[in-house]
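Throughout, protein chains are lettered first and strands after them, A, B, ... in sequence-line order, and every chain is numbered starting at 1.
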Number of protein chains: 2
Amino acid sequence: MTALTSGKTRPVRLADIAKAAGVSHGTASNVFARPEIVRDEVRERVKAAAEAMGYAGPDPKGRLLRAGKVNAIGVATAEPLSYFFDDPFARVMMASISQACDATGAGISLVSAANNEQLAWNIQSALVDGFIVFCIEGGSRLVELARERKLPFVALDLDSENEAVAAIGIDNVAGAGLAARHLAELGHRRFAVLALESADAGFGPVTQEQVETSALYSGTRDRLRGYFAELSRFGIDVSLVPIYETLNDEESVRAGLEHIFALPQRPTAILAMSDRMALHALDWLREHDIAVPGDVSIVGFDGVPEGADSKPPLTTVAQPIAEMGRLAVKAILENDGSLNRQLLPVNLVIRASSGPSPA
Amino acid sequence: MTALTSGKTRPVRLADIAKAAGVSHGTASNVFARPEIVRDEVRERVKAAAEAMGYAGPDPKGRLLRAGKVNAIGVATAEPLSYFFDDPFARVMMASISQACDATGAGISLVSAANNEQLAWNIQSALVDGFIVFCIEGGSRLVELARERKLPFVALDLDSENEAVAAIGIDNVAGAGLAARHLAELGHRRFAVLALESADAGFGPVTQEQVETSALYSGTRDRLRGYFAELSRFGIDVSLVPIYETLNDEESVRAGLEHIFALPQRPTAILAMSDRMALHALDWLREHDIAVPGDVSIVGFDGVPEGADSKPPLTTVAQPIAEMGRLAVKAILENDGSLNRQLLPVNLVIRASSGPSPA
DNA sequence: AAATTTCCTTGGATCGATTCAAATATAGAC
DNA sequence: GTCTATATTTGAATCGATCCAAGGAAATTT
């Protein structure tokens with residue numbers, strides 16, 4: 001092939017092979033899809049032609065249109081793509097989704113976007129058979145977009161508001177209650193809360209009043225409710241409990257702790273809405289020579305594996321992450337059109353980050 | 001829609017909308033793809049029809065065939081899918097690939113398979129614009145399959161054997177040399193090697209002879225060569241250095257250490273071919289009250305973040321993982337048909353897991 | 001030798017969109 | 001009222017395969 005004759009070479013199609021081998025395109029297709037029904041001699045001829053012309057085999061793009069099934073599940077998030085590999089909770093969840101996909105031979109497509117327009121387009125044009133939506137935050141928009149595709153889909157971390165959305169989630173109120181009761185029973189009376197983001201994606205201290213009025217994400221709100229319901233039961237005035245909202249990253253957790261420990265009444269117990277926050281908090285406390293659980297007890301939320309190896313190991317409210325991943329994949333692959341809403345139980349894992357109140 | 005009339009409802013196509021709105025399918029297509037060129041009145045009519053019929057927007061499956069571009073990069077491995085989320089090295093690499101993809105708006109498709117047949121099919125039918133191949137092990141088969149797709153592709157961890165394969169890798173020989181020299185300069189003379197898998201995917205002790213003859217994966221072989229070349233320079237008889245091949249998991253690393261430390265001559269220095277192995281080794285050594293680096297020094301390979309937080313922090317040969325990920329994505333997206341082979345430099349990160357020989 | 005059965009092969013229809021040259025409608029100029 | 005320029009719309013062609021009813025050839029039965 002010289003520079004003169006080549007130019008931009010048009011890719012070889014199945015039809016080209018068929019013509020070269022002197023058979024119909026139907027037969028050529030059979031050679032690749034069901035070789036056993038083609039006569040030996042013909043099959044070899046077609047294969048030889050394919051080989052000679054550098055044909056890579058039937059293009060999945062063409063097959064897809066006819067077949068309809070992509071054989072891949074889309075996992076969508078409003079965070080950057082690297083969230084799937086950076087965040088401890090996401091990682092464990094993805095590992096369990098992976099296992100379920102492996103078992104059925106389905107692939108995984110990661111869908112995300114930096115900005116909102118891009119996100120919409122990415123969701124609209126994703127080649128998948130269904131979506132699993134991570135709605136850690138910014139969930140509603142994402143759920144909306146995914147639903148518009150009219151593909152099987154299921155939200156993880158369910159928004160209890162919207163009953164019409166298929167979702168697999170946990171009982172946030174009950175889980176938070178377990179954490180709060182555990183600490184209260186250990187004698188703690190001065191609490192602080194490290195909260196996840198609310199809808200307006202800011203961070204900083206939050207007043208009780210704001211909690212009532214602002215549009216918190218339902219997960220955040222439910223956990224807060226769970227904490228407070230239980231604390232009230234122990235006679236604690238929850239209106240005095242400082243709440244600091246973080247971005248679930250190291251920087252804002254540190255800022256939160258600076259704030260909390262600068263208050264006149266230092267807490268002896270911290271309720272963190274994620275293990276990630278709790279682990280960052282552990283680092284900060286160690287650096288500030290605040291003993292855990294000697295001076296301060298802390299309870300996380302999620303049950304990520306890192307919590308078992310931290311110093312000290314983290315007491316936490318464990319979500320059944322593996323179960324959730326498995327159920328989510330099942331809901332997509334075995335979608336029967338019915339609305340799948342499941343609320344899974346959580347359980348308190350008591351480790352060394354919580355102990356009796358020093359007071 | 002009653003049960004009698006509905007049956008299995010055929011999904012609505014763009015053509016159905018066009019007919020309902022009384023326009024051609026060309027115009028209907030424009031309403032979604034380039035709304036600005038359609039007269040307002042017509043556009044609204046079409047949109048209304050779409051709304052009324054529950055049309056989810058143009059199906060990407062159809063568009064794909066015409067457009068040709070999927071806008072997604074396939075990342076392939078011979079390991080189970082969960083490898084991407086479990087393995088520390090893979091995670092860091094994926095995070096950097098993610099960032100590069102986010103920057104260009106490309107999606108990521110994870111491709112893998114439990115068994116070999118499935119793998120072939122998954123690679124052949126993946127809807128992607130190109131492949132990044134993780135060839136940690138079983139690499140050659142994977143590379144072969146990916147090449148057959150005739151899509152842009154690049155191998156990570158290059159097989160120096162095959163000069164015809166586009167690859168981004170590191171200088172394994174030089175990197176291993178750095179590790180070996182570092183320990184030798186600290187006075188160590190009794191070494192042991194924790195090696196990665198060879199081609200036959202077994203594990204256990206390996207003799208010097210086997211090393212010469214067996215089909216080791218080139219990465220493993222090159223690292224071994226690098227270690228030995230440098231050790232020889234210090235007058236160490238490398239034929240006496242025990243080599244234990246692991247599966248890069250906790251179990252086989254522990255088995256390896258049991259084996260190595262049961263030998264008459266205990267080593268004072270361990271060369272591990274991955275940080276993952278080194279970190280598992282650190283756990284084992286601590287449990288057996290063998291001080292690091294007091295009794296035994298250990299140097300890993302990869303430079304994963306976990307190595308900075310281990311007890312003690314791990315001395316390691318750091319790969320430029322972020323750079324590799326970025327280059328790999330660039331190689332796929334800006335593929336110009338040229339063969340892209342890059343050998344990146346590594347650097348030794350000295351931390352607390354290596355110290356002077358106790359002897 | 002005709003009839004029947006079995007095995008392969010053919011070619012048109014289809015999957016769901018996009019594209020673009022040609023046709024038509026509309027507006028503005030004279 | 002005709003002509004030109006501009007704005008819209010049309011519909012055939014295309015993307016690359018799979019599916020399947022129908023037809024033809026070879027093998028077997030009667």
Open item on the list: Just the rounded figure in Å: distance from P of D/dG11 to NZ of B/Lys19.
Closed with: 13 Å
TODO: Rounded to the nearest angstrom, tell me the gap between atom CD1 in B/Ile17 and atom P in C/dT18.
DONE: 13 Å
TODO: Specify the separation, in whole Å, of atom CG of A/Leu65 and atom P of C/dA17.
DONE: 9 Å
Task: Side chain of B/His25 - closest among C/dG12, D/dT9, D/dA13 - done: D/dA13
Task: Euclidean distance, atom CZ of residue B/Phe32 to atom P of D/dT9 [Å, nearest integer] - done: 15 Å
- [ ] Considering just the side-chain nitrogens and oxygens of A/Tyr55, establish if one lies under 4.0 Å of OP1 or OP2 belonging to D/dG16.
- [x] no
- [ ] Give a yes/no answer on whether the side chain of B/Ser24 brings an N or O atom under 4.0 Å of OP1 or OP2 in D/dT10.
- [x] yes
Open item on the list: Rounded to whole Å, please give me the gap between CZ in B/Arg66 and P in D/dA12.
Closed with: 16 Å
Task: Test of ring centre spacing under 6.0 Å for B/Phe134 and B/Phe84 - done: yes
Task: Side-chain heavy atoms of A/Leu127 within contact of A/Ser109, under 4.5 Å - done: no
Open item on the list: Check the phosphate of D/dA7 against B/Arg39, side-chain N and O only, distance under 4.0 Å to OP1 or OP2. Yes or no?
Closed with: no
- [ ] Measure the distance from CG on A/Asp40 to C1' on C/dC7 and round it to the nearest whole Å.
- [x] 13 Å
- [ ] Return yes when atom NZ of B/Lys150 has more than 12 non-hydrogen atoms of other residues, nucleotides or ligands closer than 6.0 Å, and no otherwise.
- [x] yes
Task: Whole-Å distance separating the CD atom of B/Glu36 from the C1' atom of D/dT6 - done: 16 Å
Task: Closest listed nucleotide, where the reference is the side chain of B/Pro58 and the choices are C/dA17, D/dG16, C/dT9 - done: C/dA17
TODO: Report yes if at least one side-chain N or O of A/Ser29 is closer than 4.0 Å to OP1 or OP2 of D/dT18; otherwise report no.
DONE: yes
- [ ] Tell me which nucleotide among C/dT18, C/dG16, D/dA17 gets nearest to the side chain of B/Ala33.
- [x] C/dT18
- [ ] Report the residue (B/Ala67 or B/Val38) whose heavy-atom-nearest nucleotide on DNA chain D is the more 5′ of the two.
- [x] B/Val38
Task: Salt-bridge contact B/Asp16-B/Lys19 (side-chain N to carboxylate O under 4.0 Å) - done: no
TODO: For A/Arg34 and for A/Arg13, locate the closest nucleotide of DNA chain D by heavy-atom distance; then report the residue assigned to the nucleotide nearer the 5' terminus.
DONE: A/Arg13
TODO: Starting from the 5' end of DNA chain C, give me the residue, B/Leu14 or A/Val23, whose nearest nucleotide shows up first.
DONE: A/Val23
- [ ] Report the distance from atom CG of A/Asp16 to atom C1' of D/dA17, rounded to the nearest whole Å.
- [x] 12 Å
- [ ] Ignoring the backbone of A/Thr27, work out which of C/dT10, D/dA17, C/dT18 is nearest its side chain.
- [x] C/dT10
TODO: Give a yes or no on whether a salt bridge exists between B/Glu41 and B/Arg45, defined as a side-chain N under 4.0 angstrom from a carboxylate O.
DONE: yes
